[in-house]
Amino acid sequence: MNEKFLSPYNPTDTEDKIYQMWEQSGFFNPDEMIKAGLTDAQAETFSIVLPPPNVTGQLHLGHSFEDATQDAMIRFHRMLGKRTLWMPGTDHAAIATQSKFEKELYKKEKKSRHDYSREEFFSMIEEFALSNQSTILSQLRKMGASLDWDRLCFTLDEQRKEAVFEAFKQMYEAGLVYRKERVVNWDVKGQTTISDDEIVREDRISTMYTFKYSHDCPIEIASTRPETKLGDTAIAVHPDGRWKSYIGKEYSFEFAGESVTVTVIGDKDVDPEFGTGALGVTPAHSFTDWDMAQRHDLPLKQIINEYGKMMVGMEGVKGEKVEKAREAVVAWLRDQKLFIDEEDVAQSIATAERTGGIIEPLPKMQWWINVQSTFSYPHDSLKGIKKGQKVSLKDLMLHVVESGQVTIMPERFDKSYRHWIENLRDWNISRQIFFGHQVPVWYDKDGNLNLPEEKTVYFVRHGESEDNVAQLFGRPDSPLTDLGREQARESGKKLKSEEITKIYTSPYPRAIETANIIAKEIGYQGEIAILEDLHEIDQGNLAGTPLLPKNERLPNVFKKGESHKDFIARINRIKEFIKNEAEENSLFVSHTGFSTCFFSVLNGKESIEDLTYADEHQHFQNGEVRSKTFIIEPKENGLIQDEDTLDTWFSSGLWSFSTLGWPEKTKDLEDYHPTSLLNPGYEILPLWVSRMILFSTFLVGEIPFETVYIHGMLRDKDGRKFSKSLNNGIDPLEVIDQYGTDALRMALIIGVTPGQDMSFDLQKVKAYSKFANKLWNIARFIITETESVAINNAPMYSSRDQELLGQQKALIEEITKEMNEHKLYLVAEKLYHYVWHTLADEILEESKTIFETGSQEDITSRRRFLYETLLTMLKTLHPFMPFVTEEIWQSMQKPESERDILMTSLWPIL
RNA sequence: GCACAAUUAGCUCAGUUGGUUAGAGCGCUCGCCUGACUUGCGAGAGGUCAUAGGUUCGAAUCCUAUAUUGUGCACCA
């Protein structure tokens with residue numbers, strides 16, 4: 001009996017220690033589970049991508065809420081024996097991050113982005129983002145999240161950049177990405193365009209003015225923005241309305257110092273009942289007017305610039321901000337006796353979500369995603385849509401939900417999703433900020449457009465040498481064995497159809513020998529170039545050769561005297577060499593160790609601590625050839641890249657597959673895509689969920705996820721939103737310090753149904769911290785009572801215990817079913833109830849009597865029953881309260897059939 | 001204005017395809033201290049399931065209307 005059970009459960013002493021143990025075990029990574037024989041390599045998969053938190057700051061309780069839910073599901077499925085992957089990552093959150101950074105920069109140093117070069121400014125934000133990221137990652141660990149850190153991604157990292165390049169390119173080539181001038185949502189404060197979904201409307205009272213343009217023009221018009229009338233090019237009236245006799249007439253006049261010419265047009269969109277029944281058309285500064293102008297082929301006249309200032313007009317108008325110009329124009333109207341009336345009207349003004357600035361509609365050349373037009377569908381793998389079928393992106397987004405391939409839970413969100421998609425307009429994806437993926441388009445001096453290029457290279461291992469067989473270290477090198485030569489020929493066969501343009505090899509004789517055999521096999525006549533950077537271990541003298549930190553065996557990768565840092569640098573040099581200098585279809589021959597490390601680095605592992613010899617090793621056996629296609633900037637001289645960056649949702653939209661290695665056809669992509677579940681808040685259904693469907697169906701030909709389990713918003717205990725202005729924020733870490741993560745997780749799961757907002761009350765957390773302690777004491781009682789139980793013998797249960805086991809079995813059946821239906825809120829509550837009120841209050845009390853007065857058979861039976869019940873309860877509670885259950889598990893003697901780590905254990909078998 | 005949702009015990013919420021006396025946690029009241037539980041145990045009070053109609057043998061559950069709250073969309077010149 002461990003002494004720690006003598007005092008109450010102390011989460012702070014336990015949690016970090018347990019998390020470290022899990023992390024060091026490596027079992028967050030499904031590949032490690034397989035390697036250790038804990039998961040079958042062919043087992044069904046279950047995968048979730050963590051909605052990547054924005055690197056704008058720290059995590060809040062809303063994130064904890066998501067983490068608790070997802071981690072519970074992940075742990076459950078892992079315990080079912082599935083290959084289970086929870087993909088971690090963060091989002092660069094372009095505008096949000098940049099504007100937050102700019103605010104702080106201004107506050108601290110009174111400087112703005114204009115004080116730096118683009119590169120300087122970018123790296124400053126990047127530093128800010130990375131520091132936030134590291135806080136976020138430690139917070140996720142605090143929550144007990146069993147995320148596979150080996151696969152950590154960032155929307156702005158190098159691999160995601162390739163995915164963005166490729167996605168953009170493919171969509172451009174399919175005509176789904178295009179560049180066009182059009183009226184956009186211009187955020188004057190943020191100095192960028194934003195998409196329709198980043199607009200927040202604010203109700204305001206404004207004044208509607210009724211007036212005439214000039215005494216010569218008889219038509220009265222009404223407007224809340226008379227200053228924009230300087231940019232009018234038409235008057236629209238209903239074809240059957242009061243003003244119909246004027247249709248076709250043209251008027252020219254001076255309006256507040258600007259010459260204006262308007263044509264009267266008839267358009268059914270004009271409501272003859274509203275206002276004066278006539279509408280002054282300002283194509284450059286209004287969305288509806290723009291549309292009308294397109295229909296009637298009206299000229300465009302921009303009169304407001306990017307700073308929200310008037311570009312034309314009389315003194316007091318030109319150069320002024322719109323609000324001031326408006327006053328001047330109204331005064332002028334009164335003065336000219338053109339003013340007729342004014343009236344207060346309720347209006348909602350478009351503002352930018354992130355900066356709070358007012359949106360000024362402006363014409364601008366922008367990049368768009370075409371959601372309306374049909375194209376020929378390029379995949380054969382999506383249910384219900386054939387290759388070559390004519391569809392639009394909108395059709396795809398609707399189809400997968402309507403056909404039930406993607407299930408949205410709760411169902412009612414189907415409707416809002418559908419409604420939103422149906423009203424979707426083309427998506428403006430370019431932004432005029434620095435922090436983000438720069439639009440992957442390069443212009444030459446004539447303005448011709450160039451897209452990213454692809455460069456494929458190949459890697460092979462040298463064939464087996466005598467050293468590999470006999471481990472004859474101590475001599476400089478050994479020749480290939482027969483098998484080694486056979487392996488080299490095998491590589492050659494595989495490369496025959498690839499038209500290798502150049503062969504590079506490490507300076508080692510066995511690699512050179514391999515390269516020569518391959519060259520002969522594929523008929524390559526060119527030079528076999530020796531590349532020092534492909535160097536292997538210095539076989540002759542191993543003294544001073546470092547080890548790979550995570551590796552138990554000699555890594556065979558370091559040159560003599562080379563530090564870990566040098567080695568990573570060397571790999572990066574090769575990478576740069578390939579991207580910048582190597583020809584398309586080059587072949588690289590080196591040691592397995594080098595090549596595996598190379599590919600690990602390509603897959604985002606930047607530090608030596610993250611490298612394991614085994615990760616990629618499987619790809620280099622028996623003459624296997626591994627290829628890598630880099631998607632790179634075009635190399636032609638004098639090209640200038642488009643200055644805009646992409647909407648952050650462009651890269652987040654690729655998340656379900658870019659994290660799994662797309663555009664390469666990786667094993668991860670094959671195994672874990674489509675992902676099983678997504679757990680987003682309802683507020684990002686249009687921003688994120690639908691975009692992931694858009695990209696995934698078009699680019700991969702698959703749905704991105706099978707189930708969307710929508711969660712509500714977390715509110716404070718009085719039902720108010722958490723906000724800075726209310727100062728009602730709660731730091732999850734403080735809650736954890738006080739009550740422990742397990743208690744917080746329970747509070748965030750129990751009684752919270754999908755899609756429903758939840759009021760967060762610390763009282764609830766407190767209650768579950770009592771429960772953690774209760775479980776602790778139950779364990780204490782049972783462990784003390786059962787120390788003598790023969791845990792590996794077949795049990796002999798009394799009829800009473802068989803009855804209790806029957807009840808327990810029924811409970812487990814029930815909760816297993818409910819877990820599969822994602823009803824965590826029910827399962828956790830039922831377990832709580834069973835453990836406290838059945839196990840503790842009834843069974844334990846009953847046991848005391850049995851132990852005192854029962855027969856020896858009954859006592860033996862009950863002891864065994866309690867012991868087994870504790871094991872079962874620890875397992876079933878583990879997804880919800882991972883720490884306390886694991887801590888107890890670690891303190892117990894376990895039968896041979898059970899695993900050392902509860903996290904890796906199997907869910908009770910029915 | 002349109003759409004969607006919510007309205008169940010003092011508070012926060014469950015209530016699966018309509019089926020006995022409507023559940024949980026917290027809080028509250030009373031009692032207890034029992035071989036794990038300084039965070040324990042037992043007992044109890046508390047609900048015309050927003051309102052009004054309707055369907056049904058039977059409604060918290062289905063339908064209609066109203067009210068209140070919330071969210072999204074459109075708010076028009």
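Just so it is clear: chains get the letters A, B, ... in the order the sequence lines come, proteins before strands, and each one is counted from 1. On a predicted model such as this, the values are computed, not experimentally measured, just so you know.
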Whole-Å distance separating the CG atom of A:D414 from the P atom of B:rA3: 18 Å

Just how far, in rounded Å, is P of B:rU12 from CG of A:D716? 11 Å

Can you tell me which stems RNA chain B forms when a stem means 3 or more consecutive Watson-Crick or G-U pairs under 3.5 Å? B:1-7 with B:67-73, B:10-13 with B:23-26, B:28-32 with B:40-44, B:50-54 with B:62-66

Taking any heavy-atom pair under 4.0 Å as a contact, classify A:F760: base, sugar-phosphate, or nothing. nothing

Taking only the C1' atom of each, what is the distance from B:rA14 to B:rA24 in whole angstrom? 7 Å

Take atom C1' in B:rA65 and the same atom in B:rG25, then report the distance between them in whole Å. 36 Å

Any side-chain heavy atom of A:E402 within less than 4.5 Å of one from A:R418? yes

Could you tell me the separation between the CZ atom of A:F883 and the OG1 atom of A:T12, rounded to the nearest 0.5 Å? 11.5 Å

Same-atom distance (C1') from B:rA60 to B:rG1, integer angstrom: 32 Å

Whole angstrom is fine here: how far is it from CD in A:Q756 over to C1' in B:rU69? 12 Å

Short side-chain donor-acceptor distance under 3.5 Å, A:T869 and A:Q808: yes

Check: A:N185 and A:N428 side chains under 4.5 Å, non-hydrogen atoms: no

What's the shortest heavy-atom distance between A:V270 and A:A236, and which atoms? CG2-CB, 3.7 Å

Name every residue in residues 734-750 of chain A that has at least one heavy atom under 4.0 Å from any atom of RNA chain B, in order of residue number, or write none if there are no such residues. none

Derivation of the salt bridge (charged side-chain N to carboxylate O under 4.0 Å, His left out) call for A:D269 and A:R295: CA-CA 11 Å; A:D269 267 10; A:R295 284 201 290 275; 3.3 Å; yes

Reading nucleotides 70-77 of chain B from 5' to 3' and marking B where a protein heavy atom lies under 4.0 Å of the base, S where only the sugar-phosphate is that close, and - otherwise, the string is -S-S-BBB

Nearest whole Å is fine: how far is B:rG25 C1' from A:F880 CZ? 16 Å

In whole Å, I'd like the distance from the CG atom of A:L826 to the C1' atom of B:rU16. 8 Å

Euclidean distance for P, B:rA50 against B:rU8 (whole angstrom): 6 Å

Taking atom P in both B:rC57 and B:rC11, compute the distance separating them and give it to the nearest angstrom. 37 Å

A:K823 or A:S759, whichever maps to the more 5' nucleotide of RNA chain B: A:S759

Looking just at side-chain N and O atoms, do A:Q890 and A:E886 make a donor-acceptor pair shorter than 3.5 Å? yes

For B:rU29 and B:rG46, measure between their P atoms and round to the nearest Å. 16 Å

Could you give the distance separating B:rA52 and B:rU68 at their C1' atoms, to the nearest angstrom? 15 Å

Counting heavy atoms from C-beta on, name the nucleotide in B:rC4, B:rA14, B:rC26 closest to the side chain of A:Y832. B:rC26

Remember a base hit wins even if backbone is also touched, and classify A:T753 as base, sugar-phosphate or nothing at under 4.0 Å, heavy atoms. sugar-phosphate

Of all the heavy-atom pairs spanning A:W290 and A:V183, show the shortest one and how long it is. CE3-CG2, 3.5 Å

Round to a whole Å and report the spacing from CG of A:L714 to C1' of B:rU12. 12 Å

Spacing of A:Y709 atom OH and A:E821 atom CD [to the nearest 0.5 Å]: 11.5 Å

So, does A:H238 use its side chain to make a donor-acceptor pair with the main chain of A:D271 at under 3.5 Å? no

Is the positively charged end of A:R863 above the ring of A:F851, judged by distance under 6.0 angstrom from the centroid and angle within 45° of the axis? yes

If a pair satisfies salt bridge (Lys or Arg N to Asp or Glu O under 4.0 Å) and one of its residues is in residues 837-846 of chain A, list it, with sequence neighbours excluded. A:R800-A:E846, A:E845-A:K848, A:E846-A:R862

Listing request: all ring pair (Phe, Tyr, Trp, His ring centres under 6.0 Å) pairs with a residue in residues 738-779 of chain A, at least two apart in sequence or in separate chains. A:F5-A:W776, A:Y9-A:W776, A:Y768-A:Y832, A:F771-A:Y832

Going 5' to 3' through nucleotides 31-46 of chain B and flagging B where a protein heavy-atom sits under 4.0 Å of the base, S where only the sugar-phosphate is that close, and - otherwise, we get ----BBBBBSSS----

Rounded distance (Å) that lies between atom C1' of B:rC4 and atom CG of A:L685: 13 Å

Taking only Lys NZ, Arg NE, NH1 and NH2, and the carboxylate oxygens of Asp or Glu, determine whether A:D291 and A:R425 approach each other closer than 4.0 Å. no

Between B:rG19 and B:rG58, how many Å separate the two C1' atoms, rounded to a whole number? 7 Å

Without decimals, in angstroms, what is the distance between A:E818 CD and B:rA14 P? 15 Å

Please determine, by modelled atom types, if A:S195 and A:E198 share a side-chain donor-acceptor pair under 3.5 angstrom. yes

